[in-house]
Number of protein chains: 2
Amino acid sequence: MAKRESKKSRQVRDAEVTQQDILDAAEIEFSHHGLNGARLSAIADRAGVTTAMIHYYFTNKEGLYKAVLQRPATEANEKLGTLNFDQFPAIDALKLFIQAAILNEVQHPHRQMLWFQEANQNQGEFFKLSKDDWSNAHGSLFKILKRGMTDGSFRELDLEITTIHILGICIFYFSIQENWKHFKPDCDRLSESEIQRHTEAAIALVLSGIKSPE
Amino acid sequence: MAKRESKKSRQVRDAEVTQQDILDAAEIEFSHHGLNGARLSAIADRAGVTTAMIHYYFTNKEGLYKAVLQRPATEANEKLGTLNFDQFPAIDALKLFIQAAILNEVQHPHRQMLWFQEANQNQGEFFKLSKDDWSNAHGSLFKILKRGMTDGSFRELDLEITTIHILGICIFYFSIQENWKHFKPDCDRLSESEIQRHTEAAIALVLSGIKSPE
DNA sequence: GTCTATAATACGATAGAC
DNA sequence: GTCTATCGTATTATAGAC
């Protein structure tokens with residue numbers, strides 16, 4: 001029982017659990033260091049297995065990387081898809097979207113960076129979002145804005161760019177978190193109360209930013 | 001004249017030029033791949049030198065990395081510092097800040113990611129912004145907001161978080177640029193006209209988002 | 001399925017000629 | 001100042017025992 005205790009007692013294991021452990025560990029390592037920078041040894045350590053196991057399940061580093069990228073795209077934004085925004089007035093739908101988007105970042109703090117890195121490092125060589133995936137992720141916001149603009153709830157908007165701006169409000173907060181820490185080491189930006197402040201301020205900014213004047 | 005032509009004819013060279021070439025190439029490589037992921041061979045190729053030159057000028061990979069990180073902190077945000085926002089009414093100052101922040105991203109498209117990566121990968125181990133640097137970069141925005149809130153131009157705001165939100169509006173646009181490309185390959189988000197749209201939409205969103213109601 | 005041991009290679013770094 | 005050639009180690013990947 002020397003070194004394998006890093007995650008949990010392994011002993012009798014089955015394939016499913018080991019694979020998930022590896023994927024979880026890899027998601028963190030790849031999100032921190034990208035494809036080139038990630039070390040299989042670091043992933044193995046974190047998952048509590050040997051690098052041989054990684055090759056056994058995922059063939060090679062690239063295979064593991066692709067498997068890691070696959071999860072967020074299929075699974076993560078399903079949640080946004082299941083929320084049926086159409087049943088709410090545009091303004092309420094927008095509030096709900098912002099809450100859901102921020103919650104998604106809280107629950108999967110590594111995935112945004114994982115995604116940035118893939119685009120930035122490899123220009124999406126290993127994973128291009130399909131139009132469907134992309135639409136699920138950002139299309140629902142786009143649609144809310146369009147609907148609100150048509151029915152007069154929102155002012156005249158540049159829809160595509162406003163979509164990006166609203167996502168930026170929600171997500172950038174998490175991107176600069178590590179930097180912010182050095183400036184205010186005492187303040188935990190990921191605590192529930194701080195997330196609450198972030199959410200409320202974001203909703204206030206966006207709503208007064210795009211609502212019709214009248 | 002085999003492989004050295006990647007940047008420019010080298011032949012007779014002097015130290016200053018070579019160092020700058022290496023730094024420029026390294027900034028791009030490190031911003032794409034981070035410290036671990038970057039390859040000295042890639043940097044050397046891009047700069048049109050050999051890896052021996054990198055060691056000659058910067059001792060080792062880490063020394064080069066630190067030199068690269070130093071540039072943006074000292075030089076880049078000086079520009080924001082020189083703009084004296086105090087002489088303008090808060091609303092005008094805010095407009096100017098947004099324009100300057102976006103322009104800065106256009107002129108240094110790699111630096112934001114470089115910065116993200118250092119925080120994300122190494123938790124700022126190799127370069128923590130000093131409070132002064134940080135203040136220069138984001139403090140001027142903070143001050144504008146505070147002034148506008150005090151003099152009644154802006155509504156009641158959560159100053160720290162609103163600072164982040166506004167920066168997010170300006171910067172996130174560039175972060176997701178590579179992803180966006182796959183969705184709309186025909187549209188160049190870095191063209192002058194698109195940047196113009198971005199800037200105008202950002203100003204409109206922020207101003208109507210935080211101006212006093214009355 | 002999981003490990004240990006080891007092969008094969010990629011990469012950072014250095015020595016020495018020019 | 002710049003290159004070519006080379007060393008040593010870190011890292012990916014594989015073979016084979018259990």
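Reckoned from all heavy atoms, side chains included, excluding hydrogens, waters and symmetry mates. First the proteins, then the strands, lettered A, B, ... as listed; each starts at 1.
Phosphate contact (OP1/OP2 of dA10(D), side-chain N/O of Arg39(A), threshold under 4.0 Å): absent. Remark: Thr50(B) is in phosphate contact with dC3(D), judged by side-chain N or O atoms under 4.0 Å from OP1 or OP2. Applying the 4.0 Å criterion to OP1 and OP2 of dT2(C), one finds that Thr18(A) has a side-chain N or O inside that range.
Side chain of Asn122(A) to backbone of Glu125(A): no donor-acceptor contact under 3.5 angstrom is found. A donor-acceptor contact shorter than 3.5 Å links the side chain of Gln121(B) to the backbone of Leu35(B). Tyr173(B) places a side-chain N or O within 3.5 Å of a backbone atom of Arg189(B) that can act as its donor or acceptor partner. A donor-acceptor contact shorter than 3.5 Å is absent between the side chain of Glu194(A) and the backbone of Ser191(A).
Between His198(A) and His165(B), the distance from one ring center to the other falls under 6.0 angstrom.
Put simply, CD1 on Ile43(B) is 11 Å from P on dA13(C), counting in whole angstrom units. Leu35(B) has its CG atom 15 Å from the P atom of dA10(D), to the nearest Å. Between the P atom of dT2(C) and the CD atom of Glu16(A) lies a distance of 11 Å, rounded to the nearest Å.
Within 6.0 Å of atom CD in Gln87(A), more than 12 heavy atoms from other residues, nucleotides or ligands are found, so the atom counts as buried in its surroundings.
A heavy-atom distance below 4.0 Å to DNA chain C is reached by these residues of residues 52-65 of chain A, ordered by number: Ala52(A), Met53(A), Tyr56(A), Tyr57(A).
Counting any heavy atom pair closer than 4.0 Å across all strands shown, Ala38(B) reaches sugar-phosphate atoms only and no base atom.
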